[in-house]
Structures are given as C-alpha cells and as structure tokens.
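In this chain, residues are counted from 1 in sequence order.
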Amino acid sequence: MLRTLTEGLDTAHPPILIAHGLFGSARNWGVIAKRLSDTRRVIMVDMRNHGESPWTDSHAYPDLAEDLAEVIAANGGQADVLGHSMGGKAAMALSLLQSSAVRRLIVADIAPVAYGHTQQHLIDAMRAIDLSRVETRGDADRQLAVHVQTAGVRAFLLQSLDVKAKKWRLNLDVLERFMPEILGWPDLPGAYDGPALFLSGAESDYVKPEHRPTIKTLFPSAKFAKIPGAGHWLHADRPREFEATIRAFFGAGD
C-alpha cells in the first residue's frame with residue numbers, strides 16, 4: 001500500500017485524502033493538512049514511484065486510482081478526496097471507477113484532458129546532477145541551477161532528494177516512460193454524480209473554458225471556482241484562501 005502521513009483524529013465525517021502532483025510527496029502538504037486536521041482526520045499519500053511509496057513498472061491512472069482506493073478501504077471505506085495536478089487526475093479516475101469510495105471531490109488545477117506540454121526537462125535536470133558530488137542540499141541546488149533557473153521549482157524538486165543516501169525518491173525511469181500517460185487522460189467509463197469542485201488558480205491556464213463540457217459530461221454536478229492571485233501551485237501561492245475553500249466545500253451538506 002502507499003506510504004501515508006496522517007494528521008488529526010477520526011470524527012463523524014470520513015477522512016480527507018490528499019493526492020499530490022508529479023514530483024511531489026505527502027510532505028508537500030503537511031502544513032495544509034495540519035491546519036485542516038483541527039476538525040477532520042487528514043491522510044496524505046506518497047503516490048507510487050514517489051517518496052517512500054513502492055516503485056512499480058506502471059504509472060497509468062487506473063493503477064493510481066486503485067492505489068488510492070486501497071488506502072481509502074483501509075481507512076473506513078469512504079473519503080473526501082483532494083487531488084492536485086497529477087493527483088487530481090488520479091482522484092478523478094478513482095471517482096469514475098470506484099465512485100462509492102468518494103464522498104466529495106476537489107480537483108485542484110487540472111482537467112480530464114490531454115496536455116501538450118512536457119515535464120521531461122525536469123527529469124533531465126535531475127538526472128544531470130552528479131550525486132557523488134552532493135554533500136549538502138546547497139551542493140545539489142547549485143548543480144540544478146544550471147538547468148532550472150526558478151528557485152522555487154528547484155526547492156520543490158530537491159524535496160525529493162535524499163542527500164544522505166545520494167539518490168532521488170522518484171522513479172525517474174518509469175515517470176519518463178509514462179510521461180505521455182501522465183500528461184494524457186484515459187478513456188474511462190461512466191460518470192461521477194457526487195459533489196465535485198474544480199478549483200483553479202486564476203493565473204493558471206490548466207483549466208480552460210473549453211474544458212468545461214468534458215468536465216460536466218464526466219462530473220455532472222461539477223462546480224468551478226478560481227483563487228485570485230494563484231497559479232498552478234494554488235495551495236502554495238494562496239494557502240489560506242485554498243484552505244478556506246477546502247473547508248467550505250468538504251464541510252458543506254453535513
């Protein structure tokens with residue numbers, strides 16, 4: 001099963017399950033999870049091929065969905081599910097394939113469509129680091145800066161570097177091989193009729209108006225919201241506004 005981190009205690013409500021994006025980990029969500037845990041149990045996962053979860057030969061969304069379903073089954077059988085980017089696609093796949101496991105769904109800044117960009121350059125940048133010359137995170141950052149100019153992106157990637165062991169906590173080979181599937185979207189049956197919120201950063205272009213018909217076909221009850229001043233990393237750009245929206249939507253209808 002996926003490696004999990006948990007904040008908070010069980011309440012009358014099902015837990016909140018958080019699925020991170022590509023190159024991320026459960027730890028990226030620790031601050032938000034801790035704040036949300038004042039009223040709910042919050043479970044963060046390392047997705048397969050990330051963090052301390054098992055490395056596998058597949059990274060297709062039906063498999064990621066099954067991973068999440070297994071965690072939910074071990075934690076009461078139903079959850080409010082929040083997924084960002086790649087994790088949002090995994091959460092959508094879970095909702096379509098095993099809808100009874102999902103009470104409410106929040107998809108953060110991603111749509112059920114194929115995207116034309118790639119993250120291959122970041123895999124290339126991580127591979128370019130000579131880990132034998134890395135004694136501190138600063139050593140790695142200086143090497144990575146040759147390939148990745150944005151300090152925030154470097155800091156995010158370096159959260160997945162085990163400096164002491166001199167290795168990445170990412171299965172770069174499999175993530176590279178499955179990049180088309182990660183950026184794409186599988187043809188999945190059915191629809192999820194439960195409450196769903198597609199929450200976007202107002203400065204992000206990941207969820208476009210032309211995506212809405214596809215979203216409404218798969219998620220007939222979908223609602224849409226944007227966080228002003230936030231980009232794709234909306235939970236990092238505007239954490240308090242993001243947290244307030246999560247509370248309002250997951251707490252609604254109780």
Side-chain angles (χ1 to χ4, degrees), residues 4-8 11 13-47 50-51 64 68 71-72 79-92 94-95 102-112 115 119 150-153 155-157 159-160 192 194-209 211-212 215 219 221-254:
T4 62
L5 296 176
T6 302
E7 294 282 356
T11 68
H13 306 303
I16 295 172
L17 178 71
I18 301 178
H20 64 76
L22 182 63
F23 307 137
S25 70
R27 293 188 302 167
N28 301 152
W29 290 83
V31 173
I32 284 183
K34 195 167 190 65
R35 291 183 61 82
L36 292 173
S37 70
D38 61 345
T39 59
R40 302 278 290 277
R41 184 159 61 104
V42 184
I43 303 167
M44 301 156 281
V45 300
D46 283 346
M47 302 293 277
H50 290 71
L64 271 62
L68 297 179
V71 172
I72 292 172
D80 285 345
V81 180
L82 162 63
H84 173 248
S85 201
M86 177 193 78
K89 284 188 170 181
M92 287 188 280
L94 168 68
S95 302
V102 182
R103 188 184 76 149
R104 288 175 170 266
L105 172 68
I106 296 179
V107 180
D109 212 63
I110 203 74
Y115 289 86
Q119 302 297 336
T150 306
V153 175
F156 168 69
L157 294 176
Q159 289 184 50
S160 291
Y192 173 72
L197 174 65
F198 284 74
L199 181 61
S200 305
E203 297 179 3
S204 171
D205 63 354
Y206 274 68
V207 182
K208 298 180 178 180
H211 296 155
R212 290 198 176 194
I215 292 171
F219 303 92
S221 300
K223 298 182 182 301
F224 300 87
K226 291 187 175 184
I227 296 182
H232 182 60
W233 302 95
L234 61 178
H235 55 294
D237 294 339
R238 292 290 185 269
R240 293 304 176 91
E241 295 88 339
F242 184 83
E243 175 199 337
T245 306
I246 304 311
R247 288 184 186 277
F249 189 76
F250 281 164
D254 292 336

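Separating the CZ atom in Phe224 from the CZ atom in Phe198 is a distance of 6.5 Å, to the nearest 0.5 Å. Put simply, CE on Met92 and CG on Leu64 are 12.0 Å apart, with the number rounded to the nearest 0.5 Å. To the nearest 0.5 angstrom, Ile16 atom CD1 is 8.0 Å from Ile106 atom CD1. With rounding to the nearest 0.5 Å, the separation of CG in Leu5 from NZ in Lys34 is 11.5 Å. With rounding to the nearest 0.5 Å, the separation of CD in Gln119 from CG in Leu22 is 6.0 Å. Here the CD1 atom belonging to Ile18 is positioned 12.0 Å from the NE2 atom belonging to His84, to the nearest 0.5 angstrom.
Between His20 and Trp29, the gap from one ring centroid to the other reaches at least 6.0 Å.
Side chain to side chain, Ser160 and His50 fail the donor-acceptor criterion of an N or O pair below 3.5 Å.
Put simply, the side chain of Ser85 does not reach to within 4.5 Å of the side chain of Phe23, judged on heavy atoms. Using a 4.5 Å heavy-atom threshold, the side chains of Arg40 and Phe250 count as touching. Side-chain contact between Leu68 and Met47: present, with at least one pair of heavy atoms (C-beta onward) separated by less than 4.5 Å. Under the 4.5 Å side-chain criterion, counting only non-hydrogen atoms from C-beta, Val107 is not in contact with Val207. Contact annotation: the side chain of Thr245 approaches that of Leu197 to within less than 4.5 Å [non-hydrogen atoms, C-beta and beyond]. Counting only heavy atoms from C-beta outward, the side chains of Phe249 and Asp80 never approach each other to under 4.5 Å. The closest side-chain heavy-atom distance from His235 to Asp109 is not below 4.5 Å. With contacts defined as side-chain heavy-atom distances shorter than 4.5 Å, the pair Arg103/Ile72 does not qualify.
Across Ser221 and Gly194, no two heavy atoms sit closer than the pair CB-O, 3.5 Å. The two residues Val81 and Ala91 make their nearest non-hydrogen contact at CG1-CB, 3.6 Å. Shortest non-hydrogen contact noted between Pro14 and Ala79 is CB-CA, 4.0 Å. The heavy-atom pair separating Thr6 from Met44 by the smallest distance is N-CE, 4.3 Å. Among all heavy-atom pairs drawn from Leu234 and Gly201, the shortest one is CD1-N, 3.8 Å. Across Asp237 and Gly229, no two heavy atoms sit closer than the pair CB-O, 4.3 Å.
In summary, of the residues considered (Lys89, Met86, His211), a side-chain contact (heavy atoms from CB on, under 4.5 Å) with Ile110 occurs for Lys89 alone.
Under the 30°/60° scheme for interplanar angles, the aromatic rings of His232 and Tyr206 are found to lie parallel.
At least one donor-acceptor pair under 3.5 Å links the side chain of Thr11 to the backbone N or O of His13.
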